[in-house]
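Heads up: the structure comes next, in C-alpha coordinates.
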There are 2 protein chains.
Amino acid sequence: MAMGRPREFDADAALDQAMEVFWRNGYEGATIAQLTEAMGINPPSLYAAFGNKEGLLKAALDRYTAKRAAWMEQVLSAPTARDVAERMLMGTADSQTDPDNPPGCLLVQGGLACGTGSENVPFELAARRALTESQLRERFVRAKKEGDLKPAADAAALARYLSAVSAGMGVMASSGADREALRQVANVSVKVFEEQSAK
Amino acid sequence: MAMGRPREFDADAALDQAMEVFWRNGYEGATIAQLTEAMGINPPSLYAAFGNKEGLLKAALDRYTAKRAAWMEQVLSAPTARDVAERMLMGTADSQTDPDNPPGCLLVQGGLACGTGSENVPFELAARRALTESQLRERFVRAKKEGDLKPAADAAALARYLSAVSAGMGVMASSGADREALRQVANVSVKVFEEQSAK
DNA sequence: CCACATCTGTAGCGAACACTACAATTATGG
DNA sequence: CCATAATTGTAGTGTTCGCTACAGATGTGG
(Lines give C-alpha, C1' and ligand atoms only; values in the text may rest on other atoms or scores of the structure.)
Protein backbone atom coordinates (compact mmCIF):
# COMPACT_ATOMS: atom_id res chain seq x y z
CA MET A 1 0.00 0.00 0.00
CA ALA A 2 1.02 3.65 -0.41
CA MET A 3 3.25 5.28 2.19
CA GLY A 4 2.33 8.91 1.82
CA ARG A 5 4.37 12.00 1.25
CA PRO A 6 7.56 12.06 3.35
CA ARG A 7 8.17 14.94 5.72
CA GLU A 8 10.47 17.60 4.43
CA PHE A 9 12.04 18.74 7.72
CA ASP A 10 14.49 17.04 10.07
CA ALA A 11 12.57 16.30 13.26
CA ASP A 12 15.69 16.34 15.46
CA ALA A 13 16.95 19.65 14.11
CA ALA A 14 13.48 21.11 14.57
CA LEU A 15 13.38 19.77 18.13
CA ASP A 16 16.67 21.50 18.89
CA GLN A 17 15.13 24.79 17.89
CA ALA A 18 11.95 24.14 19.86
CA MET A 19 14.05 23.20 22.89
CA GLU A 20 15.76 26.55 22.78
CA VAL A 21 12.47 28.44 22.59
CA PHE A 22 11.05 26.57 25.59
CA TRP A 23 14.34 27.07 27.40
CA ARG A 24 14.40 30.79 26.90
CA ASN A 25 10.70 31.59 27.33
CA GLY A 26 9.35 28.78 29.47
CA TYR A 27 6.48 26.53 28.45
CA GLU A 28 3.73 29.08 28.80
CA GLY A 29 5.83 31.94 27.47
CA ALA A 30 6.63 30.03 24.28
CA THR A 31 3.97 30.52 21.61
CA ILE A 32 3.18 28.20 18.73
CA ALA A 33 4.06 31.05 16.37
CA GLN A 34 7.55 31.37 17.91
CA LEU A 35 8.03 27.63 17.90
CA THR A 36 6.99 27.10 14.29
CA GLU A 37 9.12 29.99 13.12
CA ALA A 38 12.19 28.69 14.98
CA MET A 39 11.55 25.18 13.71
CA GLY A 40 11.08 26.41 10.16
CA ILE A 41 7.74 24.64 9.73
CA ASN A 42 4.02 25.46 9.76
CA PRO A 43 1.55 24.60 12.52
CA PRO A 44 0.01 21.56 10.77
CA SER A 45 3.45 19.96 10.46
CA LEU A 46 4.08 20.56 14.15
CA TYR A 47 0.78 19.01 15.20
CA ALA A 48 1.16 16.08 12.84
CA ALA A 49 4.59 15.27 14.23
CA PHE A 50 4.16 15.98 17.96
CA GLY A 51 0.42 16.00 18.70
CA ASN A 52 0.20 19.26 20.56
CA LYS A 53 2.27 21.83 22.45
CA GLU A 54 2.75 19.58 25.45
CA GLY A 55 3.77 16.68 23.23
CA LEU A 56 6.35 18.91 21.64
CA LEU A 57 7.67 19.85 25.06
CA LYS A 58 7.99 16.20 26.06
CA ALA A 59 9.87 15.43 22.87
CA ALA A 60 12.15 18.39 23.51
CA LEU A 61 12.72 17.23 27.08
CA ASP A 62 13.59 13.76 25.85
CA ARG A 63 16.13 15.22 23.50
CA TYR A 64 17.49 17.48 26.24
CA THR A 65 18.06 14.61 28.63
CA ALA A 66 19.42 12.38 25.91
CA LYS A 67 22.03 14.99 25.05
CA ARG A 68 23.04 15.19 28.70
CA ALA A 69 23.23 11.45 29.19
CA ALA A 70 26.78 11.19 27.89
CA TRP A 71 27.91 14.01 30.14
CA MET A 72 26.15 12.40 33.10
CA GLU A 73 28.01 9.15 32.42
CA GLN A 74 31.21 11.11 32.60
CA VAL A 75 30.16 12.64 35.91
CA LEU A 76 29.20 9.32 37.49
CA SER A 77 32.42 7.68 36.37
CA ALA A 78 34.53 9.94 38.55
CA PRO A 79 36.59 7.89 41.03
CA THR A 80 35.18 9.26 44.28
CA ALA A 81 31.96 10.84 45.54
CA ARG A 82 33.80 14.10 45.97
CA ASP A 83 34.95 14.05 42.37
CA VAL A 84 31.47 13.15 41.20
CA ALA A 85 30.17 16.23 43.00
CA GLU A 86 32.88 18.42 41.59
CA ARG A 87 32.39 17.28 38.00
CA MET A 88 28.65 17.59 38.37
CA LEU A 89 28.64 21.09 39.78
CA MET A 90 31.46 22.47 37.67
CA GLY A 91 29.89 21.01 34.56
CA THR A 92 26.58 22.52 35.59
CA ALA A 93 28.19 25.92 36.10
CA ASP A 94 29.70 25.77 32.65
CA SER A 95 26.71 24.47 30.74
CA GLN A 96 24.30 26.86 32.42
CA THR A 97 26.42 29.78 31.28
CA ASP A 98 27.29 28.37 27.88
CA PRO A 99 26.67 31.18 25.38
CA ASP A 100 25.53 28.59 22.83
CA ASN A 101 22.48 27.83 24.99
CA PRO A 102 19.97 29.95 26.84
CA PRO A 103 21.13 30.53 30.42
CA GLY A 104 20.12 28.10 33.15
CA CYS A 105 18.58 24.67 32.85
CA LEU A 106 15.56 23.73 30.77
CA LEU A 107 14.32 21.43 33.53
CA VAL A 108 14.08 24.42 35.87
CA GLN A 109 13.31 27.31 33.53
CA GLY A 110 10.77 25.32 31.59
CA GLY A 111 8.08 26.02 34.12
CA LEU A 112 7.83 25.52 37.87
CA ALA A 113 4.23 26.69 38.07
CA CYS A 114 1.76 26.75 35.22
CA GLY A 115 -1.79 27.82 34.68
CA THR A 116 -4.96 25.83 34.11
CA GLY A 117 -4.55 23.27 31.39
CA SER A 118 -0.79 22.91 31.85
CA GLU A 119 -0.74 21.58 35.39
CA ASN A 120 1.33 18.54 34.56
CA VAL A 121 4.13 20.43 32.83
CA PRO A 122 5.88 21.16 36.15
CA PHE A 123 5.40 17.53 37.05
CA GLU A 124 6.98 16.48 33.79
CA LEU A 125 10.07 18.57 34.48
CA ALA A 126 10.28 17.35 38.08
CA ALA A 127 10.24 13.74 36.97
CA ARG A 128 13.30 14.34 34.80
CA ARG A 129 15.15 16.14 37.58
CA ALA A 130 14.35 13.22 39.88
CA LEU A 131 16.05 10.90 37.44
CA THR A 132 19.38 12.63 37.82
CA GLU A 133 18.97 12.65 41.57
CA SER A 134 18.41 8.92 41.71
CA GLN A 135 21.47 8.31 39.55
CA LEU A 136 23.51 10.31 42.01
CA ARG A 137 22.00 8.50 44.97
CA GLU A 138 22.93 5.13 43.53
CA ARG A 139 26.42 6.37 42.84
CA PHE A 140 26.82 7.49 46.45
CA VAL A 141 25.51 4.19 47.76
CA ARG A 142 28.30 2.61 45.77
CA ALA A 143 30.77 5.12 47.15
CA LYS A 144 29.85 4.03 50.66
CA LYS A 145 30.35 0.38 49.76
CA GLU A 146 33.68 1.26 48.21
CA GLY A 147 34.60 3.15 51.33
CA ASP A 148 35.32 6.57 49.89
CA LEU A 149 32.27 7.97 51.68
CA LYS A 150 32.24 7.42 55.41
CA PRO A 151 29.72 4.83 56.67
CA ALA A 152 27.60 7.45 58.43
CA ALA A 153 27.07 9.39 55.19
CA ASP A 154 23.50 9.61 53.92
CA ALA A 155 23.59 8.85 50.22
CA ALA A 156 20.03 9.99 49.60
CA ALA A 157 20.56 13.27 51.42
CA LEU A 158 23.78 13.98 49.53
CA ALA A 159 22.07 13.29 46.20
CA ARG A 160 19.20 15.55 47.14
CA TYR A 161 21.69 18.19 48.18
CA LEU A 162 23.47 18.10 44.83
CA SER A 163 20.17 18.20 43.04
CA ALA A 164 19.08 21.22 45.05
CA VAL A 165 22.34 23.08 44.50
CA SER A 166 22.28 22.55 40.75
CA ALA A 167 18.64 23.67 40.60
CA GLY A 168 19.58 26.74 42.61
CA MET A 169 22.42 27.45 40.23
CA GLY A 170 19.90 27.24 37.41
CA VAL A 171 17.79 29.89 39.08
CA MET A 172 20.82 32.12 39.46
CA ALA A 173 21.97 31.58 35.90
CA SER A 174 18.55 32.39 34.52
CA SER A 175 18.72 35.77 36.16
CA GLY A 176 22.09 36.62 34.73
CA ALA A 177 24.67 35.19 37.12
CA ASP A 178 27.94 34.70 35.28
CA ARG A 179 30.13 31.63 35.12
CA GLU A 180 32.44 32.84 37.85
CA ALA A 181 29.56 33.26 40.29
CA LEU A 182 28.30 29.75 39.61
CA ARG A 183 31.74 28.29 40.01
CA GLN A 184 32.04 29.97 43.37
CA VAL A 185 28.85 28.26 44.45
CA ALA A 186 30.12 24.95 43.07
CA ASN A 187 33.40 25.27 44.93
CA VAL A 188 31.70 26.00 48.22
CA SER A 189 29.21 23.18 47.73
CA VAL A 190 31.86 20.57 47.07
CA LYS A 191 33.40 21.15 50.48
CA VAL A 192 30.56 19.15 52.02
CA PHE A 193 31.88 16.06 50.28
CA GLU A 194 35.34 16.48 51.67
CA GLU A 195 33.90 16.42 55.14
CA GLN A 196 31.86 13.33 54.25
CA SER A 197 34.81 11.41 52.91
CA ALA A 198 36.30 8.51 54.78
CA LYS A 199 39.37 9.52 56.74
CA MET B 1 -12.83 69.69 47.14
CA ALA B 2 -14.61 66.35 46.88
CA MET B 3 -12.76 63.18 47.74
CA GLY B 4 -14.68 60.58 45.74
CA ARG B 5 -16.25 57.31 46.68
CA PRO B 6 -14.03 55.29 49.04
CA ARG B 7 -12.92 51.82 48.01
CA GLU B 8 -14.90 49.02 49.52
CA PHE B 9 -12.18 46.36 49.73
CA ASP B 10 -9.10 46.06 51.90
CA ALA B 11 -6.12 46.42 49.60
CA ASP B 12 -3.79 44.40 51.83
CA ALA B 13 -6.22 41.52 52.22
CA ALA B 14 -6.77 41.53 48.47
CA LEU B 15 -3.01 41.54 47.90
CA ASP B 16 -2.65 38.49 50.11
CA GLN B 17 -5.07 36.64 47.89
CA ALA B 18 -3.36 37.83 44.71
CA MET B 19 0.00 36.79 46.15
CA GLU B 20 -1.26 33.28 46.62
CA VAL B 21 -2.57 33.05 43.05
CA PHE B 22 0.76 34.25 41.61
CA TRP B 23 2.57 31.90 43.96
CA ARG B 24 0.61 28.85 42.92
CA ASN B 25 0.28 29.53 39.19
CA GLY B 26 3.19 31.75 38.33
CA TYR B 27 2.87 35.17 36.74
CA GLU B 28 1.85 33.99 33.30
CA GLY B 29 -0.27 31.16 34.63
CA ALA B 30 -2.32 33.53 36.80
CA THR B 31 -5.22 35.08 34.90
CA ILE B 32 -6.98 38.31 35.71
CA ALA B 33 -10.18 36.31 36.14
CA GLN B 34 -8.54 34.11 38.80
CA LEU B 35 -6.98 37.10 40.50
CA THR B 36 -10.16 39.17 40.66
CA GLU B 37 -12.16 36.22 41.93
CA ALA B 38 -9.62 35.46 44.65
CA MET B 39 -9.41 39.13 45.58
CA GLY B 40 -13.19 39.46 45.65
CA ILE B 41 -13.23 42.47 43.33
CA ASN B 42 -13.94 43.25 39.67
CA PRO B 43 -11.35 44.10 37.03
CA PRO B 44 -11.88 47.88 37.09
CA SER B 45 -11.14 47.94 40.81
CA LEU B 46 -7.97 45.98 40.26
CA TYR B 47 -6.74 48.29 37.52
CA ALA B 48 -7.67 51.42 39.44
CA ALA B 49 -5.70 50.25 42.47
CA PHE B 50 -2.66 48.58 40.87
CA GLY B 51 -2.40 49.84 37.29
CA ASN B 52 -2.07 46.53 35.50
CA LYS B 53 -1.16 42.89 36.04
CA GLU B 54 2.54 43.62 36.43
CA GLY B 55 1.80 46.41 38.90
CA LEU B 56 -0.26 43.98 40.92
CA LEU B 57 2.62 41.52 40.93
CA LYS B 58 5.03 44.17 42.16
CA ALA B 59 2.65 45.12 44.95
CA ALA B 60 2.28 41.45 45.87
CA LEU B 61 6.07 41.04 45.85
CA ASP B 62 6.44 44.06 48.10
CA ARG B 63 4.00 42.54 50.52
CA TYR B 64 5.75 39.18 50.30
CA THR B 65 9.15 40.61 51.14
CA ALA B 66 7.71 42.87 53.84
CA LYS B 67 6.19 39.87 55.54
CA ARG B 68 9.53 38.08 55.45
CA ALA B 69 11.50 41.04 56.73
CA ALA B 70 10.82 40.26 60.38
CA TRP B 71 11.88 36.67 59.90
CA MET B 72 15.02 37.79 58.05
CA GLU B 73 15.91 40.03 60.99
CA GLN B 74 15.65 37.00 63.20
CA VAL B 75 17.92 35.04 60.89
CA LEU B 76 20.58 37.73 60.69
CA SER B 77 20.59 38.21 64.44
CA ALA B 78 21.91 34.71 65.04
CA PRO B 79 25.21 34.84 66.94
CA THR B 80 27.45 33.16 64.37
CA ALA B 81 27.59 32.68 60.62
CA ARG B 82 26.87 29.02 61.09
CA ASP B 83 23.77 29.78 63.08
CA VAL B 84 22.67 32.33 60.51
CA ALA B 85 22.91 29.65 57.87
CA GLU B 86 21.05 27.14 59.99
CA ARG B 87 18.21 29.49 60.83
CA MET B 88 17.98 30.62 57.24
CA LEU B 89 17.83 27.16 55.71
CA MET B 90 15.68 25.54 58.37
CA GLY B 91 13.27 28.44 58.22
CA THR B 92 13.24 28.16 54.46
CA ALA B 93 12.51 24.43 54.66
CA ASP B 94 9.59 25.08 56.98
CA SER B 95 8.06 28.03 55.18
CA GLN B 96 8.35 26.40 51.78
CA THR B 97 6.37 23.43 53.04
CA ASP B 98 3.93 25.40 55.18
CA PRO B 99 0.48 24.07 54.33
CA ASP B 100 -0.93 27.58 54.81
CA ASN B 101 0.99 28.76 51.73
CA PRO B 102 1.54 27.34 48.27
CA PRO B 103 4.70 25.21 48.20
CA GLY B 104 8.03 26.79 47.39
CA CYS B 105 8.98 30.45 47.20
CA LEU B 106 7.11 33.14 45.32
CA LEU B 107 10.41 34.69 44.23
CA VAL B 108 11.30 31.47 42.41
CA GLN B 109 7.92 30.09 41.36
CA GLY B 110 6.67 33.46 40.22
CA GLY B 111 8.39 33.12 36.89
CA LEU B 112 11.97 32.40 35.85
CA ALA B 113 11.26 32.79 32.15
CA CYS B 114 8.37 34.68 30.63
CA GLY B 115 7.05 35.39 27.18
CA THR B 116 6.99 38.55 25.11
CA GLY B 117 5.62 41.49 27.05
CA SER B 118 6.59 40.12 30.47
CA GLU B 119 10.35 40.05 30.03
CA ASN B 120 11.07 42.08 33.13
CA VAL B 121 9.03 39.91 35.48
CA PRO B 122 11.95 37.48 35.97
CA PHE B 123 14.20 40.48 36.51
CA GLU B 124 11.83 41.80 39.14
CA LEU B 125 11.97 38.53 41.06
CA ALA B 126 15.74 38.32 40.72
CA ALA B 127 16.18 41.78 42.17
CA ARG B 128 14.32 40.75 45.32
CA ARG B 129 16.32 37.56 45.66
CA ALA B 130 19.49 39.61 45.31
CA LEU B 131 18.41 41.71 48.26
CA THR B 132 18.43 38.76 50.62
CA GLU B 133 21.78 37.69 49.25
CA SER B 134 23.36 41.05 49.93
CA GLN B 135 21.99 41.05 53.46
CA LEU B 136 23.65 37.69 54.02
CA ARG B 137 26.89 38.89 52.49
CA GLU B 138 27.07 41.86 54.83
CA ARG B 139 26.30 39.62 57.75
CA PHE B 140 29.19 37.32 56.80
CA VAL B 141 31.56 40.24 56.36
CA ARG B 142 30.71 41.13 59.93
CA ALA B 143 31.22 37.51 60.98
CA LYS B 144 34.75 37.68 59.61
CA LYS B 145 35.44 40.87 61.50
CA GLU B 146 34.07 39.31 64.63
CA GLY B 147 36.25 36.30 64.05
CA ASP B 148 33.65 33.56 63.94
CA LEU B 149 34.35 33.00 60.25
CA LYS B 150 37.96 32.25 59.43
CA PRO B 151 39.89 35.06 57.67
CA ALA B 152 40.16 33.10 54.42
CA ALA B 153 36.38 32.73 54.14
CA ASP B 154 34.74 34.39 51.15
CA ALA B 155 31.69 36.23 52.45
CA ALA B 156 30.27 36.89 48.99
CA ALA B 157 30.66 33.28 47.92
CA LEU B 158 29.02 32.00 51.10
CA ALA B 159 26.09 34.35 50.65
CA ARG B 160 25.70 33.28 47.05
CA TYR B 161 25.85 29.69 48.17
CA LEU B 162 23.06 30.13 50.70
CA SER B 163 21.01 31.98 48.13
CA ALA B 164 21.50 29.17 45.62
CA VAL B 165 20.61 26.45 48.11
CA SER B 166 17.42 28.17 49.20
CA ALA B 167 16.42 28.73 45.57
CA GLY B 168 17.11 25.06 44.89
CA MET B 169 14.99 24.09 47.86
CA GLY B 170 12.22 26.21 46.38
CA VAL B 171 12.42 24.25 43.15
CA MET B 172 12.21 20.99 45.06
CA ALA B 173 9.33 22.17 47.22
CA SER B 174 7.37 23.33 44.20
CA SER B 175 7.50 19.82 42.82
CA GLY B 176 6.24 18.19 45.96
CA ALA B 177 9.29 17.59 48.15
CA ASP B 178 8.19 17.30 51.78
CA ARG B 179 9.53 19.10 54.81
CA GLU B 180 11.80 16.24 55.80
CA ALA B 181 13.51 16.23 52.41
CA LEU B 182 14.16 19.97 52.58
CA ARG B 183 15.51 19.70 56.12
CA GLN B 184 17.92 17.04 54.95
CA VAL B 185 19.23 19.44 52.33
CA ALA B 186 19.45 22.20 54.92
CA ASN B 187 21.38 19.98 57.31
CA VAL B 188 23.88 18.98 54.69
CA SER B 189 24.30 22.55 53.49
CA VAL B 190 25.05 23.91 56.93
CA LYS B 191 28.09 21.69 57.24
CA VAL B 192 29.95 24.04 54.91
CA PHE B 193 29.77 26.71 57.59
CA GLU B 194 31.25 24.51 60.24
CA GLU B 195 34.29 23.98 58.07
CA GLN B 196 34.49 27.74 57.44
CA SER B 197 34.38 28.64 61.11
CA ALA B 198 37.42 29.89 62.93
CA LYS B 199 39.15 27.11 64.81
C1' DC C 1 -28.34 69.98 49.42
C1' DC C 2 -25.51 70.25 45.59
C1' DA C 3 -21.27 69.75 42.60
C1' DC C 4 -17.60 66.89 42.25
C1' DA C 5 -14.38 63.06 42.54
C1' DT C 6 -13.66 58.41 42.93
C1' DC C 7 -15.17 53.63 43.16
C1' DT C 8 -18.16 49.69 41.56
C1' DG C 9 -20.45 46.28 38.43
C1' DT C 10 -21.82 45.10 33.71
C1' DA C 11 -20.57 44.22 29.51
C1' DG C 12 -17.53 43.88 26.02
C1' DC C 13 -13.25 45.60 23.40
C1' DG C 14 -9.23 44.13 20.11
C1' DA C 15 -5.46 41.01 20.16
C1' DA C 16 -3.24 36.86 20.77
C1' DC C 17 -3.70 32.23 21.90
C1' DA C 18 -3.62 26.91 20.73
C1' DC C 19 -5.23 24.46 17.26
C1' DT C 20 -7.39 22.79 12.58
C1' DA C 21 -10.23 22.38 7.81
C1' DC C 22 -9.03 22.06 3.43
C1' DA C 23 -7.03 21.61 -0.87
C1' DA C 24 -2.76 21.09 -3.24
C1' DT C 25 1.45 18.40 -3.30
C1' DT C 26 4.58 14.41 -3.28
C1' DA C 27 5.87 10.24 -2.40
C1' DT C 28 4.93 4.73 -2.45
C1' DG C 29 2.61 0.14 -3.84
C1' DG C 30 0.45 -2.43 -7.34
C1' DC D 1 0.11 5.13 -14.54
C1' DC D 2 -3.15 5.09 -11.15
C1' DA D 3 -5.03 4.80 -6.37
C1' DT D 4 -3.60 5.66 -1.82
C1' DA D 5 -1.45 7.81 2.09
C1' DA D 6 0.86 11.16 4.36
C1' DT D 7 2.79 16.14 4.47
C1' DT D 8 2.51 20.92 3.31
C1' DG D 9 0.95 25.97 3.06
C1' DT D 10 -2.97 28.99 3.42
C1' DA D 11 -6.21 30.71 5.96
C1' DG D 12 -8.74 30.52 9.15
C1' DT D 13 -11.60 28.54 13.77
C1' DG D 14 -13.43 29.39 18.60
C1' DT D 15 -11.63 30.70 22.97
C1' DT D 16 -9.31 33.16 26.29
C1' DC D 17 -6.34 36.77 27.32
C1' DG D 18 -5.41 41.56 29.52
C1' DC D 19 -7.75 45.46 29.75
C1' DT D 20 -11.45 49.30 29.54
C1' DA D 21 -15.90 52.32 28.27
C1' DC D 22 -19.69 53.45 30.50
C1' DA D 23 -23.25 54.37 33.66
C1' DG D 24 -24.81 54.13 38.25
C1' DA D 25 -23.48 54.40 43.13
C1' DT D 26 -21.33 56.61 47.15
C1' DG D 27 -18.78 59.31 49.51
C1' DT D 28 -16.58 64.48 50.61
C1' DG D 29 -16.21 69.72 50.48
C1' DG D 30 -18.67 73.98 50.09
Side-chain angles (χ1 to χ4, degrees), chain A residues 1-15 17-19 21-22 24-60 110-111 113-122 124, chain B residues 1-15 17-19 21-22 24-60 110-111 113-122 124:
Chain A
M1 58 192 70
M3 294 292 276
R5 176 176 177 176
R7 79 164 47 118
E8 295 180 0
F9 66 95
D10 176 1
D12 283 340
L15 267 184
Q17 300 304 313
M19 194 175 79
V21 174
F22 281 132
R24 184 161 273 125
N25 300 98
Y27 177 75
E28 294 192 307
T31 69
I32 298 293
Q34 286 176 317
L35 289 164
T36 53
E37 180 178 354
M39 298 167 84
I41 62 178
N42 291 322
S45 298
L46 190 158
Y47 285 89
F50 303 105
N52 56 18
K53 190 182 177 184
E54 194 168 327
L56 176 61
L57 175 72
K58 287 185 189 174
C114 285
T116 313
S118 311
E119 295 91 348
N120 53 336
V121 165
E124 203 67 46
Chain B
M1 58 193 72
M3 294 292 276
R5 176 176 177 176
R7 80 164 45 118
E8 296 181 359
F9 65 96
D10 177 1
D12 282 339
L15 266 184
Q17 300 305 314
M19 195 175 80
V21 174
F22 281 132
R24 184 161 273 124
N25 300 99
Y27 177 76
E28 294 192 308
T31 69
I32 298 292
Q34 286 175 318
L35 289 164
T36 52
E37 180 178 353
M39 297 167 84
I41 62 178
N42 291 321
S45 298
L46 189 160
Y47 285 89
F50 304 104
N52 57 18
K53 190 181 177 186
E54 195 168 326
L56 176 61
L57 175 73
K58 287 185 189 172
C114 286
T116 314
S118 312
E119 294 91 350
N120 51 338
V121 165
E124 203 67 45

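Worth knowing before you read on, the calculation uses all heavy atoms, side chains too, and leaves out hydrogens, waters and symmetry mates. Just so we're on the same page: letters track the sequence lines, and every chain starts at 1.
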Review point. Expressed in angstrom and rounded to an integer, what is the separation of A/Asn52 atom CG from C/dC17 atom P?
Key: 17 Å
Point to revise | Non-neighbouring partners of A/Asn52 that pass side-chain hydrogen bond (donor to acceptor under 3.5 Å, both in side chains), sequence neighbours left out | key: none
Would you be so kind as to tabulate the donor-acceptor pairs closer than 3.5 Å made by side chains of residues 35-46 of chain B, with sequence neighbours excluded?
| unit_1 | atom_1 | unit_2 | atom_2 | d |
| --- | --- | --- | --- | --- |
| B/Thr36 | OG1 | B/Ile32 | O | 2.9 |
| B/Thr36 | OG1 | B/Ala33 | O | 3.0 |

Review point. If you check every side-chain atom of A/Lys53, which of D/dG27, C/dC19, D/dT26 has the closest atom?
Key: C/dC19
Check your understanding: Residues two or more places apart in sequence or in another chain: which of them pass side-chain hydrogen bond (donor to acceptor under 3.5 Å, both in side chains) with B/Asn120?
Key -> B/Glu54
Exercise for review: Using a cut-off of strictly less than 4.0 Å between a heavy atom of the residue and any atom of DNA chain C, enumerate the qualifying residues of residues 32-48 of chain A by number.
Suggested key: A/Ile32, A/Pro43, A/Pro44, A/Tyr47
**Study point:** Closest to the B/Arg7 side chain, choosing from C/dC7, D/dC19, D/dT7
**Key:** C/dC7
Study note, to complete from the structure: Whichever of B/Arg5 and B/Glu54 has the more 5' nearest nucleotide on DNA chain D, that residue is B/Glu54
Point to revise | For atom CZ of B/Phe50 and atom P of D/dG18, their distance in whole Å | key: 16 Å
Revision key, fill the gap. Separation of C/dA5 atom P from B/Glu8 atom CD, nearest Å, is 20 Å
Check your understanding: What's the OH-P distance between A/Tyr27 and C/dC17, to the nearest Å?
Key -> 14 Å
**Study point:** For A/Glu119, all residues meeting side-chain hydrogen bond (donor to acceptor under 3.5 Å, both in side chains), sequence neighbours excluded
**Key:** none
Review point. Any donor and acceptor pair, going by atom type alone, linking the side chain of B/Lys53 with main-chain N or O of B/Ala30 inside 3.5 Å?
Key: yes
Point to revise | A/Glu8: partners by salt bridge (charged side-chain N to carboxylate O under 4.0 Å, His left out), with sequence neighbours left out | key: A/Arg5
